[in-house]
Amino acid sequence: MATKQRSRSRRSASSRAAAPYVAPVLDPTWENPYAPSTQERLAHQAALRRFARRRQTVPSVVVATVVVVLLVLAMVSAWFVLGAVVVAGLYAWYLYRYLRDFERRSLALEGVLRKSFTLAGSAGEVARLATVVDRLSATFGVDGVVPYIVDDGGYNAALVPSGDGLSLFVTNALMRDFELIELEAVVAHCFARQRIGALGRQATAAALALSESTARQLAGVGVAYRADEVAAAAIRYPLGLAAALRRCASQTPPSHTLLRDRRFESWRWVFFNPAAGRDSIEVGDLDDPLVRARALEEW
C-alpha cells in the first residue's frame, strides 16, 4: 500500500514539474525600427507634395475667390455657373501639372553636378567603386546606379536622381584615403537615403533656389542621421560608418574644394556630409558628422 502511494506521489510531482508547452506567437504588428517602411517612404513623398502645394497658396486663394464670385453672380445668369466650373477645372489641371513637374525638378541636379565637377580616378579606383556599388545595390534593392569619381579634395559623396536611374558622385580624395569598409559604409548611407524615400525631397531642396532654413525643412531634418541607422543595420558594421564620419569631421577641406564653394550651400542636402565646409555647427545638430559617429559607436 505504501509503495503504491509513493508511486502516485512521484507521478504527481512529475506532472507538476513539467510545464505545459506554449507555442511561440510572433507579434504581427512588430516592425524592425532599422528597416525602412512603406509609411516612412510615403511620408517623405507627402512632405514634398505639401511643400509644392504651399508654394501655390496665393494662386489657389485667388482662384477660389474668383470661383465664389462667379457662383454668387449665378443668381443673375446661369452662365456664371459655367464660368465657375471652367475656371475651377482649368486651375485643377494646372495644379496637377505643376505638382507633377515639381517632383521632376530634382532631375536637373544631376546635370548641374556633372558640369561642376571634373571626372577623375584611376582605373583601379573606378573598378573598386563599381564593385562596391554592384554589391550594395543588391543589398538595398537599388537599380540603375552609375558611379562617378570626381576631382575634389574634400571627403564626400552624393546620390542623385538621373532620369530612370541614379548617379553616385564620390570625390577622389575619399577614394584615395578611405579604407574599403569605410567606402562601403559611405555608399550604403547614400543608398539608404533612397530606400527610406528621402532622396526626392533632398534633391529638390538642392535643385531649387531656397533660403537655408526653407531648404533644410524641405530636405528633412535628421534624414542623414536616420540613413546612418538604416545603412549600419544593412551592412551590420556601424563602426565602419562611424570611422568614415570621423574622417570627414577631422578633415579641414582644402581651399580649392568645391565643398567650400557657395554653390555647395544649396547642394549640401544630398551629400553624405552635409555639414562640410561650415565654419561652425550648432551643438546637437544631427547633420554633424561627430554627432552621427558617436551615435553609431554607442550601438
Side-chain angles (χ1 to χ4, degrees), residues 32-36 40 121 124-143 145-150 152-160 166-199 202-203 219-220 222-251 253 257 259 267-277 281 285-299:
N32 184 352
Y34 301 116
E40 183 176 14
E125 289 175 332
V126 171
R128 179 185 177 207
L129 179 58
T131 300
V132 171
V133 167
D134 287 342
R135 183 164 60 248
L136 291 178
S137 292
T139 301
F140 286 89
V142 177
D143 295 325
V145 179
V146 180
Y148 298 99
I149 299 176
V150 295
D152 196 279
Y155 298 152
N156 229 322
L159 183 69
V160 298
L166 299 163
S167 293
L168 176 68
F169 296 89
V170 182
T171 64
N172 59 345
L174 188 151
M175 292 295 305
R176 180 187 64 240
D177 297 338
F178 278 39
E179 300 292 339
L180 177 59
I181 191 63
E182 296 168 347
L183 171 62
E184 289 180 339
V186 171
V187 176
H189 169 95
C190 293
F191 285 1
R193 295 192 184 201
Q194 170 68 1
R195 287 289 292 128
I196 64 177
L199 196 59
Q202 291 193 313
V223 167
Y225 189 93
R226 169 59 176 159
D228 287 343
E229 291 182 334
V230 174
I235 62 176
R236 296 184 177 88
Y237 192 61
L239 294 182
L241 183 51
L245 287 164
R246 284 198 173 274
R247 279 189 187 270
C248 291
S250 64
Q251 184 195 37
T257 177
L259 306 182
W267 298 342
R268 67 172 64 252
W269 313 111
V270 295
F271 277 82
F272 169 71
N273 179 19
I281 302 176
D285 188 340
L286 295 181
D287 287 338
D288 184 350
L290 277 180
V291 171
R292 294 161 58 191
R294 289 168 185 154
L296 291 165
E297 290 164 351
E298 290 176 1
W299 271 31

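Keep in mind it's a predicted model, so treat the numbers as computed, not measured.
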Do Val230 and Ile196 have side chains that get closer than 4.5 Å, going by heavy atoms?
yes
Which pair of non-hydrogen atoms, one from Thr171 and one from Gly154, has the smallest distance, and what is that distance?
OG1-O, 2.6 Å
Ion pair present between Glu229 and Arg226, side-chain N to carboxylate O less than 4.0 angstrom?
yes
Do Gln251 side-chain atoms and Tyr155 backbone N/O form a donor-acceptor pair below 3.5 Å?
yes
Heavy-atom nearest pair, Val223 first then Ala198, reads CG1-CB, 3.7 Å
Got Val126 and Ile149 here, is their nearest side-chain heavy-atom distance under 4.5 Å?
yes
Minimum heavy-atom separation for Ala192 and Ala231, please, with both atom names.
CB-N, 4.0 Å
Would you name the heavy atoms of Leu296 and Ala242 that are closest together and state the gap between them?
CD1-N, 3.8 Å
Considering only heavy atoms from C-beta outward, does the side chain of Val132 approach that of Leu180 to under 4.5 Å?
yes
First locate atom CD of Glu182, then atom OH of Tyr237, and finally report the distance between them rounded to the nearest 0.5 Å.
9.0 Å
Are the side chains of Val145 and Leu159 in contact, using a 4.5 Å heavy-atom criterion?
yes
Aromatic plane relationship, Tyr148 with Phe169 - under 30° parallel, 30 to 60° tilted, over 60° perpendicular:
parallel
Donor-acceptor pair, Arg268 side chain versus Ala276 backbone, under 3.5 Å?
yes
Calculate, to the nearest 0.5 Å, the distance between atoms CZ and CD1 belonging to Phe140 and Ile235 respectively.
7.0 Å
Just how far is it from atom NE2 of His189 to atom CG of Leu136, taken to the nearest 0.5 Å?
13.0 Å
Hey, does the side chain of Arg128 reach the backbone of Met175 with a donor-acceptor pair shorter than 3.5 angstrom?
yes
What pair of heavy atoms forms the shortest contact from Ala275 to Asp287, and how long is it?
CB-O, 3.7 Å
Supply the atom-to-atom distance Leu241 CG to Arg246 CZ, rounded to the nearest 0.5 angstrom.
12.0 Å
With distance as the sole test, does Asn172 use its side chain to make a donor-acceptor pair with the main-chain N or O of Asp152 at under 3.5 Å?
yes
Given side chains that start at C-beta, do those of Leu245 and Asp228 come closer than 4.5 Å, heavy atoms only?
yes
Rounded to the nearest 0.5 angstrom, the OG1-CD distance for Thr131 and Glu184 is 10.0 Å
Give the minimum heavy-atom separation between Arg193 and Ala224, together with the two atoms involved.
NH2-CB, 3.6 Å
Expected output: side-chain Arg176 to main-chain Gly153 donor-acceptor under 3.5 Å:
no
For the CG atom of Leu199 and the CH2 atom of Trp269, what is their distance to the nearest 0.5 Å?
15.0 Å
Got Thr139 and Phe191 here, is their nearest side-chain heavy-atom distance under 4.5 Å?
no
Taking Phe272's backbone N and O only, do any of them form a donor-acceptor pair with Asn156's side chain (distance below 3.5 Å, no angle check)?
yes
What verdict does the side-chain contact (heavy atoms from CB on, under 4.5 Å) test give for Leu183 and Leu174, after you've listed the backbone C-alpha separation in whole Å, the side-chain angles of each residue and the deciding distance to 0.1 Å?
CA-CA 8 Å; Leu183 171 62; Leu174 188 151; 3.7 Å; yes
